[in-house]
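First the structure, in the form of structure tokens, and then the observations on it.
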2 protein chains.
Amino acid sequence: MTQATRRERGRAATDRDIRQQARTLLVADGPQAVTLRAIARELGITAPALYRYYTSREDLIEHLRQDICADLGTDLGGDLAEVDEADHLGQVLAVCRGFRAWALAHPQEFAMVFASPAEPGQHCPVGAQRAGRDVAVDSFGRIFLTVAGRVLANGFQLAQADAEVPAQLVADMENFRDDLLAAMAESGVQVPPEYLGTGTAYVILQFWVRLYGQVALEVFGQFPYPVSDCEPLFESMLTGLVRDAGLL
Amino acid sequence: MTQATRRERGRAATDRDIRQQARTLLVADGPQAVTLRAIARELGITAPALYRYYTSREDLIEHLRQDICADLGTDLGGDLAEVDEADHLGQVLAVCRGFRAWALAHPQEFAMVFASPAEPGQHCPVGAQRAGRDVAVDSFGRIFLTVAGRVLANGFQLAQADAEVPAQLVADMENFRDDLLAAMAESGVQVPPEYLGTGTAYVILQFWVRLYGQVALEVFGQFPYPVSDCEPLFESMLTGLVRDAGLL
DNA sequence: GGGCTCGGTAAACAGCGTTTACAAGGGAGT
DNA sequence: ACTCCCTTGTAAACGCTGTTTACCGAGCCC
């Protein structure tokens with residue numbers, strides 16, 4: 001079973017401990033509290049020992065980001081599993097609600113993954129990037145795309161035809177559509193290419209813009225007035241969203 | 001003219017220098033580079049001297065946030081001034097494009113102001129909060145609301161009637177509408193209350209959600225595929241936005 | 001068993017926010 | 001003009017941080 005030698009198992013174990021402890025500090029006291037010394041202290045080791053696992057604090061943070069994405073992915077997978085397989089609209093709603101719930105429950109993680117100024121050449125975590133083998137990063141995006149794929153595979157016709165896509169965007173949308181098809185195929189969802197035109201890709205993109213905007217505004221408290229209860233606001237937005245996407 | 005004593009003038013001058021230097025460091029090397037010691041070093045003083053002006057680093061950062069909001073407000077004011085006073089659609093477009101341009105040109109500031117996990121009870125900077133006299137914080141929000149006010153004052157009928165607002169949201173929307181009316185009145189824009197129903201407030205809110213989502217996604221590089229050129233994507237979204245808002 | 005690699009430590013360096021005690025100088029009252 | 005205070009700055013120190021270096025011991029392979 002465990003072909004790994006004792007040292008390898010021990011190393012993997014402490015590595016998990018490091019990341020888990022970093023997560024604990026993050027949720028408890030914010031990003032500035034996840035310091036190498038604090039992590040080491042809680043683990044009963046010294047700070048330089050962490051350099052046997054990560055080249056720098058920033059490197060650890062980066063791996064943390066990926067862990068967070070993976071957790072969000074499994075979280076949404078759980079939400080999705082509770083919905084009837086044939087209820088495609090329900091699946092979409094479940095993923096959207098799950099995304100919001102996760103973001104509100106983990107604001108620090110949300111900010112770290114979805115609201116950090118990006119360096120060029122890095123458009124994760126939603127995208128299915130092919131950087132280092134099959135990184136866990138895209139597990140979140142894969143959930144989204146899998147749901148979209150299921151919806152499309154069953155012949156749902158999303159709103160807006162291909163003609164609506166501006167000429168300057170067609171190339172990008174074809175690119176996006178191919179990414180979608182590839183990700184869906186990887187997830188085992190067979191979707192006929194003729195169901196996924198550039199117009200459909202554009203609708204999915206707009207869907208993401210509105211969902212992300214709503215959730216980010218709520219997490220960051222940037223609504224232009226004091227919202228007494230954000231939930232009905234979100235539900236109202238979600239209703240409009242699926243309506244405008246042609247899912248209702 | 002300058003009724004202030006020499007000491008007061010000197011203090012105000014160094015205060016400006018501190019903030020300006022902090023801004024310089026922020027745009028040059030990111031938020032983690034704006035340290036008290038670095039600021040003091042550039043100003044030729046020592047770090048503890050800064051405590052004569054701000055009670056802590058976090059206090060300075062908070063004032064920096066307000067400066068940033070104020071700058072964004074004047075920026076947008078400039079964009080707005082270049083548009084014909086009677087061209088209300090053009091004014092809306094100018095403010096939206098100006099907001100995006102500013103966010104792309106100042107990603108660090110954008111993240112600091114619009115994407116920091118908010119403590120409860122703080123829904124600035126868009127809101128017209130009445131905290132400490134007339135803080136510069138809401139100068140950005142005021143620009144937005146002024147434009148909205150001008151559009152409404154001239155009888156533009158936004159899409160969607162009041163009946164569309166879910167019952168649970170009506171109270172909040174009345175609240176928002178009152179905030180809007182108050183802000184517009186403060187900006188000298190007369191808008192008949194019957195032009196601004198809760199449905200209209202809801203449309204404005206959705207407008208903000210989509211604009212914010214699009215800009216934040218672009219700044220943070222969180223689009224689900226590699227976008228070759230974001231500008232046509234933004235313009236396409238903007239077109240759909242004004243169409244859905246009933247401005248076209 | 002010898003040697004080598006790997007995971008850990010201790011010590012040190014530079015930089016950080018912050019506090020304390022102290023010096024110099026402008027402003028106002030007499 | 002002298003005095004006194006309050007303001008603004010400094011120097012030194014504390015404890016924290018990330019990171020590097022040199023070293024040590026136990027696991028592993030030959």
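To find a chain, count down the sequence lines: A is the first, B the second, and so on, and within it residues start at 1.
Of all the residues in residues 51-58 of chain B, Arg52(B), Tyr53(B) reach under 4.0 Å from DNA chain D with at least one non-hydrogen atom. Residues of residues 20-45 of chain A having a heavy atom closer than 4.0 Å to DNA chain C, listed by number: Arg37(A), Gly44(A), Ile45(A).
Atom CG of Leu50(A) is separated from atom C1' of dC6(C) by 15 Å (rounded to the nearest Å). If you take CD1 of Ile18(A) and C1' of dG7(C), they are 11 Å apart, rounded to a whole angstrom. Atom CG of Asp17(B) is separated from atom P of dT8(D) by 14 Å (rounded to the nearest Å).
Counting non-hydrogen atoms of other residues, nucleotides and ligands closer than 6.0 Å to CD of Glu174(A) gives a total above 12.
Contact check, Arg11(A) against dG7(C): a side-chain N or O comes under 4.0 Å of OP1 or OP2.
Side-chain atoms of Tyr225(A) and Arg177(B), non-hydrogen and from C-beta on, never get closer than 4.5 Å to each other. Inter-residue side-chain proximity for Asp179(A) and Pro224(B) is flagged as unmet; no heavy-atom pair is nearer than 4.5 Å. Looking at heavy atoms from C-beta onward, Ser116(B) lies out of side-chain contact with Phe220(A) at the 4.5 angstrom threshold. Arg23(B) has its side chain within reach of Asp67(B): a pair of non-hydrogen atoms, C-beta onward, lies under 4.5 Å apart.
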**OP:** Determine, stepwise, if the pair Arg19(A) / Tyr54(A) fulfils side chain to side chain donor-acceptor pair (under 3.5 Å).
**Re:** CA-CA 11 Å; Arg19(A) 286 141 95 143; Tyr54(A) 302 94; 3.2 Å; yes

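For the pair Val219(A) and Pro107(A), the tightest heavy-atom approach, listed with the atom from each and the gap, is CG1-CB, 3.9 Å.
Residues Phe99(A) and Trp208(A) bring their aromatic ring centres within 6.0 Å.
Of the residues near DNA chain D, Ala49(B) and Ala47(A), the one whose nearest nucleotide (by heavy atom distance) lies more toward the 5' end is Ala49(B).
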